[in-house]
Novice: 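Below is a structure I'd like to ask you about.
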Amino acid sequence: MKQYRVAIVGATGLVGQEFIRILEQRDFPMSSVRLLASDRSAGRKLFVRHEEIEVEETVPESFENVDIALFSAGGDTSRYFSPIAARAGAVVVDNSSAFRMDPGVPLVVPEVNPEDIKWHRGIIANPNCSTIQMVVALYPLHKVNPIKRVIVDTYQSVSGTGSAAVEELTTQTKQVLEGQEVVSSVYPHQIAFNVLPEIDVFLDNAYTKEEWKMVEETRKIMHANEIAISATCVRVPVFTGHSEAVNIEFSRPMSPDEARQILARAPGVKVLDDTTVSLYPHAWLAAGTDEVYVGRIRQDASHPNGLVMWVVSDNLRKGAALNAIQIAEEMTRRDWLSSGG
Ligand code: A2P
């Protein structure tokens, strides 16, 4: 089997760490791995497959002799280094939002639009975490009964913001419990014991950028510009796992049982839906696992063609690192590494 030379940009971050864990767990065919981060981490050592590897500062030369570069080091780093990596011959799978809506860059969730990988020109975008888990659950239903409108409310964990936010929730929780003054630096308000309806920046249309990502990215991935979507994205004091209340209006009625049957067969989805024993997905259960969990599937009492469901997944795994590695796997399996555009 062919082996690939892999680079991880942002290897010291939360998603970077998850990249390493998932490459190991899935036994990705790697002949070498280069760990890249900022100059702050240069010289740090991390283990990959029991081998100690030194973290290097990311510089333009970092991408020589690399086949696949997995990026999760923020938009600015991706904007600067991804084209350099692509020119050096690597295929970039980028977890930032830098290229997602670029019409020349595929935006891929392998369960939904794997064929889009084929036309890449050296960069493939990994969608936003909240969008990935939602489309994995929406797409199989949409194929059977076209979706007209989606209203989604999210409950997003702090790990989506990065390691500084995880530290902030930990510190603030202690500060509140010990009666000390609470200091906020990552979020605009206290996140411990609180809920904040602000993720990413506010846009001119009064939505946040995170909410607008869910609108635009969903349409691009599903090739369905006609779907009307409105999102409210909310940060909650949970470490790992994003939860979403998703309200769907179909073209025709769909019973909860039909939806359960379709989703039970859908790739990447696990239905957990038995309210008689309080069986439904929740963030604690999803953390550390790969599935997109769906439960609380019920008729929308306000619309004959409506369904409501609760969708939960690990935002660092399926919402970020796992989806990116599944894209890389698909490329290697189908021999789509060379640029198709
Ligand atoms: P570093 O640890 O050296 O700062 P998180 O999302 O968990 O905060 O992680 C962000 C990741 O992005 C880290 O690995 C971080 O490296 C990396 N990073 C931040 N800025 C840069 C940069 N300018 N060049 C390369 N990597 C960067």
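Just so you know, ligand 1 is whichever comes first in the structure, and atom 1 is the first atom listed for that ligand. Heavy atoms only: backbone and side chains are in, while hydrogens, waters and symmetry mates are out.
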Novice: Short question: side chain of N247, backbone of V308 - any donor-acceptor pair under 3.5 Å?
Specialist: no

Novice: What atoms of ligand 1 come closer than 4.0 angstrom to any heavy atom of R40?
Specialist: 4 (O), 19 (C), 20 (N)

Novice: Could you list the atoms of ligand 1 found under 4.0 angstrom from a heavy atom of T77?
Specialist: 21 (C), 22 (C), 23 (N), 24 (N), 25 (C)

Novice: Tell me which protein heavy atom sits closest to atom 2 (O) of ligand 1, plus the residue, atom name and distance to 0.1 Å.
Specialist: T12 OG1, 2.6 Å

Novice: Short N/O distance, under 3.5 Å, between V15 and ligand 1?
Specialist: no

Novice: So which protein heavy atom does atom 10 (C) of ligand 1 come closest to, and at what separation?
Specialist: G13 CA, 4.2 Å

Novice: With a 4.0 Å cut-off, would you call E216 and K220 a salt bridge?
Specialist: no

Novice: Is the shortest side-chain N to carboxylate O distance from E18 to K318 below 4.0 Å?
Specialist: no

Novice: Please report the interatomic distance CD(E168) to OG1(T171), rounded to the nearest 0.5 Å.
Specialist: 7.5 Å

Novice: Answer side chain, backbone, both or neither: which part of T58 comes under 4.0 Å from ligand 1, heavy atoms only.
Specialist: side chain

Novice: Hey, can you tell me if F63 and F71 have their rings parallel, tilted or perpendicular (30° and 60° cut-offs)?
Specialist: parallel

Novice: Minimum distance, heavy atoms only, to atom 11 (C) of ligand 1: which one of A11, S72, G16 is it?
Specialist: S72

Novice: Distance to 0.1 Å, residue and atom name: give those for the protein heavy atom nearest to atom 6 (O) of ligand 1.
Specialist: G162 CA, 3.6 Å

Novice: State, yes or no, whether a side-chain contact exists between N126 and L70 at a heavy-atom distance under 4.5 Å.
Specialist: no

Novice: Start with the C-alpha distance between R235 and E210, add both sets of side-chain angles, then the distance that settles salt bridge (charged side-chain N to carboxylate O under 4.0 Å, His left out), and finish with yes or no.
Specialist: CA-CA 11 Å; R235 189 71 68 192; E210 182 83 356; 5.8 Å; no

Novice: Would you mind running through ligand 1 and noting each atom that sits below 4.0 Å from a heavy atom of S41?
Specialist: 1 (P), 2 (O), 3 (O)

Novice: Counting only nitrogen or oxygen atoms and a 3.5 angstrom limit, does G10 reach ligand 1?
Specialist: yes

Novice: What protein heavy atom sits nearest atom 18 (N) of ligand 1, and how far off is it?
Specialist: A73 CB, 3.8 Å

Novice: Considering both backbone and side-chain atoms of L14, is one of its nitrogen or oxygen atoms within less than 3.5 Å of a nitrogen or oxygen in ligand 1?
Specialist: yes

